[in-house]
Every structure is written in C-alpha cells, then in structure tokens.
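Every number for a ligand or one of its atoms is a count from 1 in the order of the listing. Just so you know, these numbers come straight off a predicted model, no measurement behind them.
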Amino acid sequence: MAFIADALSRIKPSATIAITQLARDLKAKGQDVISLSVGEPDFDTPQNIKEAAIAAIQRGETKYPPVSGIPALREAIAAKFKRETGLDYKPSQTIVGTGGKQVLFNAFMATLNPGDEVIIPAPYWVSYPEMVLLCGGTPVLVTAGMESNFKLQPEALEKAITPKTKWMIFNSPSNPTGAAYTRAELKALTDVLLRHPHVWVLTDDMYEHLVFGDFEFTTPAQVEPKLYDRTLTMNGVSKAYAMTGWRIGYAAGPEILIKAMDLVQGQQTSGASTISQWAAVEALNGPQDFIPMSKKAFETRRDLIVSMLNQAKGLSCPKPEGAFYAYPSCAALIGRKAPSGKVIATDEDFVMELLAAEGVATVHGSSFGLGPNFRVSYATSNEKLEEAGRRIQRFCALLT
Ligand SMILES: Cc1ncc(COP(=O)(O)O)c(C=O)c1O
C-alpha cells in the first residue's frame, strides 16, 4: 500500500514553478538567461506599505489574529469593493487568507462534494484544476481559443453546465492570456448563469488594476446584481501592489460561504500574518499612486513585446487587454527543426529549445490547457524584454 495519498496521484506540479527553477539552475551554471516565466511584478513593494508593516511590528501587532482577518483589514476590503466596483459587502462578508491561492482553495474545500463539477475556461491559471481535484471535485475544462481572443463564449458555457455544476470560474484579466472581458462580453455570460440558479460564480479578480488604455474592468456581481447571492469575488494585494511575498488575498460573498471558509481556515492556518495584514490595510486605504505607475509601465511593455512577437517568423500574438502576460501561438512552427537537431513537435518542445538555444524562459501553453501557444510574462525591464524579443526572433528565424 502506497504511503502517499491517492489524491496526490490526481494532481501535477506547477509547470510555471518547474520552468522558473530550470531557468534558475541554468543561470547558476553561468548561462545568460532572461526569465519571462514568473508571474509576479518586478517592482518593489511601495515604501508606505513597508512602513505600515514595520509600525505594526513596533506596536506589538504580533499575536494570533482572528481567523477571517483583523477588523481593520475586513473594513478596508468592504470599503475597497464599494469604492471601486460599487459592491456592498459588510466586513462580516469578507475573509482574508494567506494569498489569493488559499482563499480559492478554501472556497473549494468548503463547498465541493465528490462528483461536483467546476467549469474552468481554458487556457486557465495552472492551479484551478489541481485545487478542484484535491478538494474532490471534477474540473470541466471549456476551451476559449484564440479565434475568440481566449474569451469564453456564452454558447460554450451553456453547453458545459449540467445539474452537477457547482461553480464557474471567471478570471479577467486572465493568467495566462491577459485577455479581459468587456462589460458586454461579461453580461453575455452572466445572462447564461441567470438561467441556471444552482451555479455559483467564483471570480478571480487578481489582475483587476492591470487593464490598459481606456479598458474598463468589471466583475460579475457588478454587471449582474442578481448574481450577488451566489458570487464569491476574490482579489488580493499580490499583483496590484507588488506584494507577492506578503501572502495576503481576500474575498467577499454570501455570509454562509464565508463562515464555511472560516471553519476550514480555522483548522488549517488560522488567520494570515498580522504584519502582512497591517501592510494590506495601508495598501488598500493609503495613497494609490503606485497603481497608475505600474499600469503605465506594463502597458508600454505589452506594446513592446507583442509587437516584437508578431515580427518573429511563424509566431502570432493577439494583443491582450490586461495583466502582464502575452500568449502567442507557435502553431506555424510545429514540425520545424531546432538548432539542436530536434524536431519541434509540441509547444513544450518549442519552449525547451528556445531556453536551450537562446536562454529565454517562457512557459508552454499546454500546461495552461491550450496550445500550441506559450506564455510570456513581461514583468521585467524594457531592456531585458527587448533583448528577449530579439532572441525569440532569432530563434524562430533559425528553425528549418
Ligand atoms: C489568476 C491568479 N489567481 C490567483 C493567484 C494567486 O495569488 P496570490 O499570490 O495572492 O496567492 C495568481 C498568482 O499567480 C494568479 O495568477
């Protein structure tokens, strides 16, 4: 009898983490590697946020916090939802977790029974299907391909819903494609959900603030208030305030669900780090000038890398509306031979050969549920991006 739980045989490690580690190993061996594989802003956490954390330590805010979060942060979260998307949540309808990742996991843990289905538009963030599987549910992957700019179509959603559907996951702007839904595109999906009152919506709004030009971010409960009673709106400070290491995520939704998530968290990690929570209070309540600054930087980088990718022989890359990812297709290069002599049969081969030949680390699209594409994270300096773009172009031109 195997010692390791059967549940673990159903899940796989994160491809993003694996490639990032491979790039690190190559760098350690002295290879000149540009990493476009990580999913975190390259900026430092703003100074006012760091100072709030230091002040919290000095005040002695170093004891166990309440499981669902310190009152000041739950109030700041409720105020943030009201201010930015007009959503009314009481602090008791909010929960703080150790990263958005824990909040999502606990929502599934608190709700999924064996056989329950969770609709996940593909390409998806790598952790969604694995979390659903770990919690005993069944992921139902619905393809949203390049022809629809990686956006789920209402007909496809309608077809995927069964009596067993418990959740539909919505993520806009998206990791890995950067695609964001307009209000009309989102309304077309919420109209479908209105016809299926047993389906709840888990919206992952982590990249809310990273939308470019005059694109307006919207979230399901805002676009369709009738869904309010069956929506969990998840968000966090990791991407918006360059706080990935502080591990603070949060959500708001119906109290019955928040209480169930509190029960799970109470027997698991308890409340998130008090120091990080006080930092998050400052992030949400303090000056917001970091957001437009980082947004502007990412928009410039998006324009730069998307243009360079589209000039690479055989690549084709839609222009994403947000986040810090691009998701080019390498379909036209499948079957070509790399400088190593290897024939590129899959997007994973493309990514591995690109890393070996040019030292540019990206992540293959098949690990996000849709290929042959690859994910380019442009959370790096313009100089590095330009150099990476040149190397990708050179690699593509050399394929025979
Ligand atoms: C779409 C999406 N959701 C959630 C998360 C988790 O964020 P956190 O760092 O708050 O756990 C990430 C992080 O990569 C993400 O890309």
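Residues Gln393 and Arg390 have side chains that never bring a donor and an acceptor to within less than 3.5 angstrom of each other.
In this structure, the ring of Tyr207 has its center less than 6.0 angstrom from the ring center of Phe324. For Tyr89 and Tyr228, the distance between ring centers is under 6.0 angstrom.
A heavy-atom cutoff of 4.0 Å around ligand 1 is satisfied by the protein residues Gly99, Gly100, Lys101, Trp125, Tyr128, Asn171, Asn175, Asp204, Met206, Tyr207, Ser238, Lys239, Arg247.
Asn113 CG: more than 12 foreign heavy atoms inside a 6.0 Å radius. No more than 12 heavy atoms of other residues, nucleotides or ligands sit less than 6.0 Å from atom CD of Gln267.
Scored by the side chain to side chain contact (heavy atoms under 4.5 Å, CB included) test, Ser37 finds Ile19, Thr20, Ser35, Ala361, Val363 as partners (sequence neighbours excluded).
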